[in-house]
Number of protein chains: 2
Amino acid sequence: MPTATRQRIIEAADDLFYRRGFDHTSFADIAGEVHISRGNFYHHFRTKDEILAAVIEARQASTRAMIRLWEDQEPTPEGRIRCFIRIVITNGALIERYGCPVGTLTSELAKLDHPCMEQARSVFSVFRDWLTEQFTALGHKDQADELAMRVLAFSQGVATLHNAFGDEAFVQREVGSMEQWLSTYSEHLKRKEP
Amino acid sequence: MPTATRQRIIEAADDLFYRRGFDHTSFADIAGEVHISRGNFYHHFRTKDEILAAVIEARQASTRAMIRLWEDQEPTPEGRIRCFIRIVITNGALIERYGCPVGTLTSELAKLDHPCMEQARSVFSVFRDWLTEQFTALGHKDQADELAMRVLAFSQGVATLHNAFGDEAFVQREVGSMEQWLSTYSEHLKRKEP
DNA sequence: GTCTATAAGCCGATAGAC
DNA sequence: GTCTATCGGCTTATAGAC
């Protein structure tokens with residue numbers, strides 16, 4: 001049973017880890033955001049790694065919630081994959097300023113040689129596995145994972161360069177090109193259906 | 001005229017900034033690597049920002065040197081662009097462990113809101129401008145920059161996922177696919193030449 | 001140019017009162 | 001559950017001897 005304070009700590013840490021980076025965020029920063037003392041903070045989380053694990057767990061949950069939303073909104077696999085492709089536009093303002101939350105965290109944890117690296121990678125896997133399901137439903141079971149990884153790589157490349165150059169026209173162009181690529185993989189199914 | 005010690009500091013800092021990240025690397029870490037005292041260190045660089053600027057300048061120079069090497073080895077624009085595409089294989093072992101040196105630095109500096117961010121982005125620009133030249137030479141002047149950005153985004157997407165998943169087969173597959181894509185853009189020129 | 005010594009402050013983490 | 005007080009260690013950076 002998470003207390004309200006614990007939940008507020010996780011939300012503040014999630015935000016600060018994204019905007020400032022994990023290593024650069026101190027306990028004092030998080031405590032200040034939640035308006036509690038550092039002593040109180042340690043009542044809820046004993047180590048920094050503990051709160052990182054809680055933050056990543058929260059991100060996994062919110063990722064799954066977003067995916068369920070896409071599934072409710074879009075009945076076809078093509079429409080659902082399109083939702084993923086368009087994240088780089090949907091979250092464009094944040095990505096331009098702070099990059100992709102998933103990619104920048106795994107990059108940082110890799111350099112820190114942090115034990116939570118595997119857990120952070122699993123956020124990527126939530127997207128990867130779901131995209132693989134969608135491409136399987138599109139009738140490309142044999143190469144579904146390969147296609148999922150390609151779409152994932154697209155999102156990371158666009159996010160990194162949007163963060164570096166701040167060029168919105170580039171993002172729009174790449175999304176358009178990727179959507180066109182997707183439609184060629186969907187035609188296969190359309191031809192088979194009446 | 002850079003002294004030998006100054007040069008050794010820059011090389012050690014370059015390596016540590018890449019492997020551990022800029023923020024996580026301390027003066028003591030660099031001084032320890034070079035086997036000098038912290039006091040001596042401050043004789044050469046007064047602030048951490050100063051050494052970061054020197055490191056980025058060194059990276060720009062080494063990037064230009066690598067490009068000159070490609071130009072010597074490959075006479076055609078297609079061959080030269082292929083050299084860039086294959087970096088993710090050439091530097092595969094380091095990328096798997098620490099990510100792309102350019103992409104991870106810009107991501108970190110963006111979060112730190114660091115004044116050297118613009119300078120770090122210019123390392124990307126060295127690649128971008130050179131790739132634009134190559135695509136112009138291939139006969140695609142109108143969309144040369146767009147094609148350059150696509151190849152750049154490819155490298156960043158592959159590097160981030162290689163760092164996250166450590167899947168070498170994925171890298172090989174994506175490089176092969178990108179080389180095939182490149183050859184379709186080169187055929188245009190081949191048809192015009194006798 | 002290179003060193004030791006040290007300042008001033010922030011870090012994660014703990015103890016114990018209420 | 002929340003607080004204050006505090007520890008030991010590490011940080012950037014400076015002063016000054018050699």
Chemist: Between the opening five pairs and the closing five pairs of the helix from C:dG1-D:dC18 to C:dC18-D:dG1, how far apart are the helix axes, to 10°?
Modeler: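 Between the first-five-pair axis and the last-five-pair axis there is 0°.
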
Chemist: So, is B:T5 close to the C:dT2 phosphate, meaning a side-chain N or O under 4.0 Å from OP1 or OP2?
Modeler: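 Answer is yes, contact under 4.0 Å.
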
Chemist: Please state how far atom CD in A:Q7 lies from atom C1' in D:dG1, giving the value in whole angstrom units.
Modeler: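 Going from A:Q7 (CD) to D:dG1 (C1'), I get 17 Å.
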
Chemist: From CG of B:D23 over to P of D:dC10, roughly how many Å is that when rounded to an integer?
Modeler: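 Answer to the nearest Å: 17 Å.
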
Chemist: Send over the distance from B:K48 NZ to D:dC10 P, rounded to a whole Å.
Modeler: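 One finds 16 Å between P of D:dC10 and NZ of B:K48, rounded.
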
Chemist: Give a yes or no on whether a salt bridge exists between A:R82 and A:E74, defined as a side-chain N under 4.0 angstrom from a carboxylate O.
Modeler: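 No salt bridge links A:R82 with A:E74.
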
Chemist: If the test is side chain to side chain contact (heavy atoms under 4.5 Å, CB included), which one of A:I56, A:I51, A:T104 qualifies with A:F17?
Modeler: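 That would be A:I51.
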
Chemist: Please check the phosphate of D:dT2 (OP1 and OP2 only) for any side-chain N or O of A:H43 closer than 4.0 Å.
Modeler: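 So the side chain of A:H43 is outside the cut-off, no N or O lying under 4.0 Å from OP1 or OP2 of D:dT2.
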
Chemist: Tell me, please, whether B:F165 has A:R128 positioned over its six-membered ring: NZ or CZ under 6.0 Å from the ring centre and within 45 degrees of its axis?
Modeler: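 Yes, A:R128 and B:F165 form such a contact.
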
Chemist: Between A:R97 and B:D113 (salt bridge meaning N to carboxylate O under 4.0 Å), is one present in this structure?
Modeler: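 Yes.
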
Chemist: Does OP1 or OP2 of D:dC3 have a side-chain N or O of A:N40 closer than 4.0 Å?
Modeler: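 Checking A:N40 against D:dC3: at least one side-chain N or O falls below 4.0 Å of OP1 or OP2.
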
Chemist: Can you tell me the distance, in whole Å, between the NE2 atom of B:H24 and the P atom of D:dT12?
Modeler: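 In whole Å, D:dT12 P and B:H24 NE2 are 11 Å from each other.
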
Chemist: Output the rest of the hydrophobic cluster of B:Y18: all Ile, Leu, Val, Met, Phe, Trp and Tyr residues reachable through side-chain heavy-atom contacts under 4.5 Å, sorted by chain and number.
Modeler: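 Members other than B:Y18 - counting any ILVMFWY side chain reachable under 4.5 Å - are B:L94, B:Y98.
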
Chemist: Please confirm whether the shortest side-chain N or O distance from B:H44 to OP1 or OP2 of C:dT2 is below 4.0 Å.
Modeler: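 Looking at the OP1 and OP2 atoms of C:dT2, one of them is under 4.0 Å from a side-chain N or O of B:H44.
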
Chemist: Between D:dT2 atom C1' and A:F41 atom CZ, what is the distance in whole Å?
Modeler: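 Atom-to-atom, A:F41 to D:dT2, this comes out as 14 Å.
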
Chemist: Take atom CZ of A:F22 and atom C1' of C:dG12, then tell me their distance rounded to the nearest Å.
Modeler: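 Going from A:F22 (CZ) to C:dG12 (C1'), I get 11 Å.
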
Chemist: Classify the angle between the aromatic ring planes of A:F84 and A:W70 as parallel (below 30°), tilted (30 to 60°) or perpendicular (above 60°).
Modeler: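 Taking A:W70 first and then A:F84, their aromatic rings stand perpendicular (interplane angle over 60°).
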
Chemist: Name the nucleic acid region contacted by A:S37, choosing base, sugar-phosphate or nothing; use a 4.0 angstrom heavy-atom cut-off, strictly under.
Modeler: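 Since a base atom lies under 4.0 Å of A:S37, the category is base.
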
Chemist: Using whole Å, what does the distance between atom C1' of nucleotide C:dT14 and atom CZ of A:R46 come to?
Modeler: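 These atoms are roughly 13 Å apart.
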
Chemist: Does C:dC10 have OP1 or OP2 sitting under 4.0 Å from an N or O in the side chain of A:S26?
Modeler: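 Answer is no, no contact under 4.0 Å.
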
Chemist: Rounding to a whole Å, what distance do you find between A:E50:CD and C:dG12:P?
Modeler: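 To the nearest whole Å, that distance equals 14 Å.
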
Chemist: Test the A:K111-B:F22 pair against the cation-pi criterion, namely NZ or CZ under 6.0 angstrom from the six-membered ring centroid and within 45° of the ring axis.
Modeler: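 Judged by the rule (NZ or CZ under 6.0 Å from the ring centre, within 45° of its axis), A:K111 is not positioned above B:F22.
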
Chemist: Among C:dG12, D:dT2, D:dA13, which nucleotide sits nearest the side chain of B:Y42?
Modeler: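 Nearest to the side-chain atoms of B:Y42, counting from C-beta on, is D:dA13.
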
